[in-house]
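Just so we're on the same page: letters track the sequence lines, and every chain starts at 1.
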Protein chains: 2
Amino acid sequence: MSTAERLIEATQELLWERGYVSTSPRAIQQRSGVGQGSMYHHFEGKPALALAAVRRSAEQLRAAAEADLGGEGSAAGRVRAYLRRERSVLRGCRIGGLAQDPDVVADPELRRPLEETFGWLRGRIAAVLEEGRRRGEFTAPLDPAATAAAIVAVVQGGYVLARSAASPEPFRQAVEGLIALLDAHTAP
Amino acid sequence: MSTAERLIEATQELLWERGYVSTSPRAIQQRSGVGQGSMYHHFEGKPALALAAVRRSAEQLRAAAEADLGGEGSAAGRVRAYLRRERSVLRGCRIGGLAQDPDVVADPELRRPLEETFGWLRGRIAAVLEEGRRRGEFTAPLDPAATAAAIVAVVQGGYVLARSAASPEPFRQAVEGLIALLDAHTAP
DNA sequence: GTCTATATCGAGATAGAC
DNA sequence: GTCTATCTCGATATAGAC
């Protein structure tokens, strides 16, 4: 693997584990096995490296979501698949976790991948719901955009509850609580 | 106001704005107007000060939630009041935001107020839902604990979406999406 | 491209005077 | 109780040799 590649992957891991403010160039060098001079040769500094890493993580998150949402089956089934996918719950969301970091939110360049990722995800889920609605899968009217926002929020909030409890259980409960509400709208 | 009090309030503000790792003793001194020596006289160090501040914020969060959830009216109405309460959405949750901080989650003492707060909140909302269920307010069966977890998660996740978008709108959408799902379970 | 040396600054305290 | 001085360490680079 190339040096730049190793740097990006190490930064992705550290951003996930420690967030942005708490991830140091020194730690990136140690994790990647790349030296000081080499790191600054490939990237201008910590912000540039973080930007590359965040963009990469955002791509991966979109690909994973699309694998669930783009499949065959009913709208409700695809949303359930997305909600119930296996996750490292206690690690939190690699993208959503950064929204808490003041230095990320304050920097428009660093925040943009977050905005784009969640914007895309909400839109993608809304499109799935809209498709289900057109097919007559739902028994009651349902606002696709608002419902999609609630679905994404339950996942992101589930991470917060799980990390607070040091247990994946609240995540699971929140997801199942939402699925039960959605199922009540779904024709059998 | 006492010196200790000023220190706690300044720390509460900074933890809310910047999180734990990114809040320095120096910043606390400047925000509170309390000197170095004085700060270390009243508190052993940053962890002790943060613990006092987090406990205080947790108390305040519980009091605010109880004001909505403990009122008169139907279960659904009290939950709606809780969900629609005016919030500084872009600032995020003073408690939930800390769940992303690795140093907070790694320290059992610092994490405990988070666990207790969300444990209490989920239980309190579950009790409201259970009361509504006994009164026959719901038209379909509904698991109080799971539904409560979903409700709390939507709020916490709403903050994440809003901060990512630099706009309160996704928070509002997620909350309204959830309320619409809940309303479908509620007798008119 | 990669290495080592060096620089500046703030984090997070401790010590002891007042 | 509060103040100022001092200390150590890591964050985040820059410079220049190899």
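Over its length, the helix from C:dG1-D:dC18 to C:dC18-D:dG1 turns its helix axis by 0°, as judged from the five terminal pairs at each end, rounded to 10°.
Applying the side chain to side chain donor-acceptor pair (under 3.5 Å) test to pairs two or more places apart or on separate chains, those with a residue in residues 95-104 of chain A are A:Asp103-B:Arg18. Applying the salt bridge (Lys or Arg N to Asp or Glu O under 4.0 Å) test to residues at least two apart or on different chains, the pairs with a partner in residues 42-60 of chain A are A:Glu5-A:Arg56. Listed by first and then second residue, the salt bridge (Lys or Arg N to Asp or Glu O under 4.0 Å) pairs that reach into residues 140-162 of chain B come to none, sequence neighbours excluded. Residue pairs that meet the salt bridge (Lys or Arg N to Asp or Glu O under 4.0 Å) test with at least one member in residues 25-41 of chain B, sequence neighbours left out, are B:Glu13-B:Arg31, B:Glu17-B:Arg31.
No side-chain heavy atom of A:Val54 sits under 4.5 Å from any side-chain heavy atom of A:Tyr20. Counting only heavy atoms from C-beta outward, the side chains of B:Val79 and B:Thr147 never approach each other to under 4.5 Å. The closest side-chain heavy-atom distance from A:Ile95 to A:Pro113 is not below 4.5 Å.
Less than 4.0 Å separates DNA chain C from no heavy atom of any residue of residues 99-110 of chain B. Within a heavy-atom distance below 4.0 Å of DNA chain D, no residue of residues 5-15 of chain A is found. Interface residues of residues 23-43 of chain B facing DNA chain D, ordered by number: B:Gly35, B:Gln36, B:Gly37, B:Ser38, B:His41, B:His42; criterion, heavy-atom separation under 4.0 Å.
In this structure, the separation between OG1 on B:Thr3 and NE2 on B:His42 is 4.5 Å, given to the nearest 0.5 Å.
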Tell me which donor-acceptor pairs under 3.5 Å the side chains of residues 177-188 of chain A have, and how far apart each pair is, sequence neighbours excluded?
{"from": "A:Asp183", "atom 1": "OD1", "to": "A:Arg80", "atom 2": "NH1", "distance (Å)": "2.8"}
{"from": "A:Thr186", "atom 1": "OG1", "to": "A:Leu182", "atom 2": "O", "distance (Å)": "2.9"}

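Nucleotides of DNA chain D lying under 4.0 Å from heavy atoms of chain A occupy a range whose first and last members, 5' to 3', are D:dA11 to D:dT14.
Partners of B:Ala166 by side chain to side chain contact (heavy atoms under 4.5 Å, CB included), not counting sequence neighbours, listed by chain and number: A:Arg111. A search for side chain to side chain donor-acceptor pair (under 3.5 Å) contacts involving B:Glu66 returns B:Arg124, not counting sequence neighbours.
At least one donor-acceptor pair under 3.5 Å links the side chain of A:Arg163 to the backbone N or O of A:Leu90.
No donor-acceptor contact under 3.5 angstrom links the side chains of B:Glu115 and A:Ser164, judged on distance only. Looking at A:Gln36 and A:Gln29, their side chains do bring a donor and an acceptor atom within 3.5 Å of each other.
A cation-pi arrangement, defined by a distance under 6.0 Å to the six-membered ring centre and an angle within 45 degrees of its axis, is present between A:Arg87 and A:Tyr82.
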